[in-house]
Amino acid sequence: MEQLCKHMADRDMQPGERLPPERELAAQLGVSRASLSQALVALEVQGILSVRHGDGAVLVRRPVEDAAVRALREHADRLPEVIEAREALEVKLAELAAQRRSESEMAAIDDALAIMESEITGGERGVSGDEHFHAAITAAAHSPLLARLMGEIAELVRETRIESLSQSERPRASLEGHRKIADAVRRQDPVGAGQAMAEHIRMVSDVALLRTS
């Protein structure tokens, strides 16, 4: 990531400019595409880059190298706490959604699955569909205090969401996890919904940054 920040600074890149394709950029920096991909995701999480399907990586704001690296270390340090918070809150939300959901709320959950399916089929990572799904589960739980607590960690969850869905095969696996949760909520099976959510969070929390750090 330090090399990537220096590369952009040396070329005096301005917001809105596009980085070269990954293969070309990896060759220029002398790094593997896997390492470059992780660095791009780390900068996307910080809001420095925007990575869009078919568009490549676009500079949103110019990075300050030391600050970007420090932010990456802080992000890695807090990841385990974010995962713990998600397990504590979202497993309960899934259980409550199974008990309390209405037909219209079940329809909203199904709509979110359809959005994510469409995004993945179109070559995207499914970030928007993922956000819609978890929001729909939260709404169906009818627990204002738990919803407020989820709102407090929403930006931290978004960071882990981008990181997780950027990994190969993860979007499709995440969608399948969502379907298992939705099926349990549809059956009004709180135990099954909670277990499916716990399994899903454990799976999506397996991110490259934690494995390498």
Side-chain angles (χ1 to χ4, degrees), residues 1-86 116 118-131 153-177 200-213:
M1 194 169 77
E2 289 172 337
Q3 288 176 259
L4 193 51
C5 288
K6 186 175 186 302
H7 173 89
M8 291 187 285
D10 288 348
R11 284 153 183 77
D12 194 27
M13 286 186 64
Q14 301 298 315
E17 289 189 50
R18 186 175 287 103
L19 286 166
E22 277 193 32
R23 187 183 302 277
E24 180 183 331
L25 186 56
Q28 288 179 16
L29 298 178
V31 299
S32 71
R33 286 190 69 183
S35 294
L36 174 62
S37 180
Q38 284 192 43
L40 290 170
V41 170
L43 291 174
E44 183 182 11
V45 163
Q46 295 181 40
I48 291 170
L49 294 177
S50 172
V51 181
R52 295 190 292 268
H53 178 63
D55 239 5
V58 177
L59 183 63
V60 175
R61 61 181 177 84
R62 297 182 65 171
V64 177
E65 184 178 322
D66 290 347
V69 173
R70 186 168 60 252
L72 175 63
R73 293 191 177 116
E74 290 170 354
H75 171 66
D77 288 344
R78 67 174 171 255
L79 264 178
E81 292 185 37
V82 176
I83 294 165
E84 288 175 359
R86 290 195 68 182
M116 192 170 185
S118 176
E119 288 177 329
I120 294 170
T121 300
E124 300 284 352
R125 292 174 292 188
V127 173
S128 178
D130 189 288
E131 289 177 342
I153 65 167
E155 191 56 35
L156 298 175
V157 171
R158 182 179 178 277
E159 292 178 1
T160 63
R161 174 175 288 122
I162 292 172
E163 198 152 30
S164 179
L165 292 174
S166 295
Q167 297 183 106
S168 177
E169 307 302 324
R170 182 59 58 77
R172 185 63 63 180
S174 181
L175 177 59
E176 290 308 310
H200 173 66
I201 292 172
R202 281 194 293 272
M203 185 267 291
V204 300
S205 298
D206 178 17
V207 295
L209 183 58
L210 286 180
R211 292 196 297 272
T212 54
S213 62

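Panel note: side chain E24, backbone P21; no donor-acceptor pair is recorded below 3.5 Å. No donor-acceptor pair under 3.5 Å is formed between the side chain of T121 and the backbone N or O of S118. A distance-only check finds no donor-acceptor pair linking the side chain of E44 to the backbone of I162 [under 3.5 Å].
The environment of CD in E169 is sparse: at most 12 heavy-atom neighbours from other residues, nucleotides or ligands sit within 6.0 Å.
Note that CG of L25 and CZ of R33 are 10.0 Å apart. Values are rounded to the nearest 0.5 Å. Note that CG of L4 and CG of L43 are 5.5 Å apart. Values are rounded to the nearest 0.5 Å. Between the CG atom in L36 and the CE atom in M1 there is a gap of 12.5 Å [rounded to 0.5 Å]. Atoms NZ and CG, on K6 and L29 in that order, are 10.5 Å from each other to the nearest 0.5 Å. Rounding to the nearest 0.5 Å gives a distance of 6.0 Å between CZ of R86 and OG of S205. Atom CD in E131 sits 9.5 Å away from atom CG in L165 (nearest 0.5 Å).
Taking all atoms of both residues into account, the shortest heavy-atom contact from A173 to M203 is O-CE, 3.4 Å. The two residues H7 and P20 make their nearest non-hydrogen contact at NE2-CD, 4.4 Å. In terms of heavy-atom proximity, G129 sits nearest to E119 at N-OE1, 3.0 Å. For the pair V157 and T160, the tightest heavy-atom approach, listed with the atom from each and the gap, is O-OG1, 2.8 Å. Residues I153 and A85 approach most closely at CD1-CB, 4.1 Å, considering heavy atoms.
With salt bridges taken as basic N to acidic carboxylate O contacts below 4.0 Å, one links D12 and R62.
Side-chain contact between M8 and L19: present, with at least one pair of heavy atoms (C-beta onward) separated by less than 4.5 Å. Between E159 and V82, the closest side-chain pair of non-hydrogen atoms is not below 4.5 Å. Between E81 and L156 the shortest side-chain heavy-atom distance does not fall below 4.5 Å. Two residues are said to be in side-chain contact when any heavy atoms from C-beta on lie closer than 4.5 Å; M116 and S174 meet this criterion.
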Is there a side chain to side chain contact (heavy atoms under 4.5 Å, CB included) between L49 and L40? Walk through the geometry before answering. CA-CA 7 Å; L49 294 177; L40 290 170; 3.5 Å; yes
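Shown are R172, R170, R158, R161; of these, the salt bridge (Lys or Arg N to Asp or Glu O under 4.0 Å) with D130 is made only by R161.
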